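Read the structure below first, then the notes.
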There are 2 protein chains.
Amino acid sequence: MDLINRISSEQSQFSKSERKVAALILHEPEQAIHRSIASLAALAEVSEPTVNRFCRRLGCKGYPDFKLQLAQSLAQGTPFVNRDIEENDNVDQITQKIFDSTLNALSIARQSLDSRPIAATVEAMVSARKIAFFGFGASASVAHDAQNKFARFDTPSVFSDDPLVQRMWAINSEPNDVLVCISHTGRTKALCEIAAIAHDNKATVIGITAPNSPLSENCQFTVSTNVPEDTDQYMPMASRIAQLVLIDAIIAGYTLQRGPKFREKLARVKEGLKGSRYSKQTTTK
Amino acid sequence: MDLINRISSEQSQFSKSERKVAALILHEPEQAIHRSIASLAALAEVSEPTVNRFCRRLGCKGYPDFKLQLAQSLAQGTPFVNRDIEENDNVDQITQKIFDSTLNALSIARQSLDSRPIAATVEAMVSARKIAFFGFGASASVAHDAQNKFARFDTPSVFSDDPLVQRMWAINSEPNDVLVCISHTGRTKALCEIAAIAHDNKATVIGITAPNSPLSENCQFTVSTNVPEDTDQYMPMASRIAQLVLIDAIIAGYTLQRGPKFREKLARVKEGLKGSRYSKQTTTK
DNA sequence: AGTCTAAATGTAGTAAAGTTACAAAAACAA
DNA sequence: TTGTTTTTGTAACTTTACTACATTTAGACT
């Protein structure tokens, strides 16, 4: 754990004078790192050796080492701790906290990724005849996004959040067709049914969902993001962001695997989209 | 800029002996912070004052200050630098890089947010009669996501990526109706037209888009995310993630502003959704 | 309550680290 | 080459941190 957090959590282990030092540092850590041991001791109204002992108790070699670690701890900023939103936070605080939580979740998700199913997904998609992205609720927009990206490619792809459309697609699916099922919980009944149908038809069913879930049992393989408990209790937030980034990674892998000729095509698609936009010159201030 | 980068970029300004010091530090910065000025000088085969002068040239107050800043610079880790994907990266590398770039972009976006238009958006939404989320292409899925969240609320809301549907809505819009236009570039012609129509009808038009863009000129106010140049040259990636998180923040603000009674309602909605899922007990692994 | 013991805190001296002033050496220009 | 400027190092000095020991304080036991 990082030094600042340790100071606040191990307060009980400190002696009375040491707690004075701890309080001072927690109150204004920024200034502490620019003070000498003498001036810090004076400010805390304790003696210099007390400060030194305080540092040692935290496992530092001495005061300079403590300053170094404190500086590092501070440099990490507020290290994207999952900060809960409170009743009377203002909009700025809420925004910062939501961003922090998301950054935190993404950072954790990144560390706990298993690249094998991702590689397998890229592989399956490169050789797919057609690809479908299905999901409901919040996952529908994730599926929507994924399909949107694939619309730039030459492999036919569809998105749907309509159970009947999904069912029809699943019934008509064949080997070499890829079905990507997106669900945070992996427990959405309707989606499990669709996955089962496609699976029976020997289509490649890929789950972007929770491992060991009912949905993942109907999938050839499952790509999952290990996201910490979602900030908002009422709707998925960070988890779907992680799914989106995961899909970005899959797409990047796909694009690369397809080779340089393919990227030329993409450039042409991009060029073609320009007609739908106002050109940059037109921008009047 | 951060200290390590400055050392490597300002090398030309250093004298010969100072360059020795710079080389040593760049080579193994970790060990440098644990050395005294004497031992560092010996290792670099220069005198102590040379090291001290080196520190001052970088704007530090002295050697201890330099160590502090160096430590902070290191603590930020590889601060999610925008790492470009290369031809023969494997899937794991690609995934890590995509996550890194996204984290980097989000982190920058967080720092450069202006909370005023966000607060205004929350305000407008709380008192809205109905809310629409419109966007095309990649922004369509962002709008889709936003509407999905609002579907849990009691204010009527719609999403559309159909220009005709959008136009009809805009024509029928009135004061107190909110239209959220989402576009990364702010130059999508079709969306600008819709925004203009709604604007003429005195609806509250909010842009989640680039500032000073054609779209933003038809918006009452614009919420923008300052995202660094997108990683992927062919499609927006990080930018839309930032937009999504921004929308999360707006929704969190909205939920809070509506008060505790409202959150009871949300809990009921959540409870009601359970029927669509397999319960946790059912999970036979 | 009083005394003993152990822990906590402070004092003062010492060692180490960093800084300054100045002199020597090197690089450059005329 | 010689004078000038810049760079580098030496040595004295100041500041900072640490150690050993003395004092105080708090707690335990009679």
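So that the names make sense, note that chain A is the first sequence line, chain B the second, and so on, each numbered from 1. Because the structure is a prediction, the values reported are computed rather than measured.
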Whole Å only: how far is the [atom1] atom of [X] from the [atom2] atom of [N]?
| X | N | atom1 | atom2 | result |
| --- | --- | --- | --- | --- |
| B:Glu45 | D:dT8 | CD | P | 14 Å |
| B:Ile37 | D:dT15 | CD1 | C1' | 13 Å |
| B:Leu68 | C:dG18 | CG | C1' | 15 Å |
| B:Glu18 | D:dT6 | CD | C1' | 11 Å |
| A:Asp65 | D:dT16 | CG | P | 19 Å |
| B:Glu48 | D:dT15 | CD | P | 18 Å |
| B:Arg19 | D:dT7 | CZ | C1' | 12 Å |
| B:Arg35 | C:dA16 | CZ | C1' | 16 Å |

Legend entry - More than 12 heavy atoms of other groups within 6.0 Å of A:Gln31 CD: yes

Could you tell me whether a side-chain N or O of [X] sits under 3.5 Å from a main-chain N or O of [Y], the two making a donor and an acceptor?
| X | Y | answer |
| --- | --- | --- |
| B:Lys67 | B:Ser36 | no |
| A:Gln72 | B:Ala71 | yes |
| B:Thr209 | B:Gly186 | yes |
| A:Ser107 | A:Leu103 | no |

Nearest listed nucleotide, side chain of [X], among [options]:
| X | options | result |
| --- | --- | --- |
| B:Ser17 | D:dG9, D:dT8, C:dG18 | D:dT8 |
| B:Ser47 | D:dA17, C:dT9, D:dT8 | D:dT8 |
| B:Lys16 | C:dA17, D:dG9, C:dA27 | C:dA27 |
| B:Ser36 | C:dA17, D:dT10, C:dT19 | C:dA17 |
| A:Ser15 | C:dT9, C:dG18, D:dG9 | C:dT9 |

Legend entry - B:Arg53 vs B:Tyr63, nearer the 5' end of DNA chain C by closest nucleotide: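 The residue whose closest nucleotide sits nearer the 5' end is B:Tyr63.
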
Legend entry - B:Lys67 or A:Lys20, whichever maps to the more 5' nucleotide of DNA chain C: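 With B:Lys67 and A:Lys20 compared, the 5'-side residue is A:Lys20.
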
Inset, instruction - Using a 4.0 Å heavy-atom cut-off across all strands, classify B:Arg56 as base, sugar-phosphate, or nothing. - result: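 The residue B:Arg56 makes sugar-phosphate contact but no base contact.
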
Legend entry - Any A:Asn52 side-chain N or O less than 4.0 Å from OP1/OP2 of D:dC18: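 For D:dC18, OP1/OP2 do have a side-chain N/O of A:Asn52 under 4.0 Å.
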
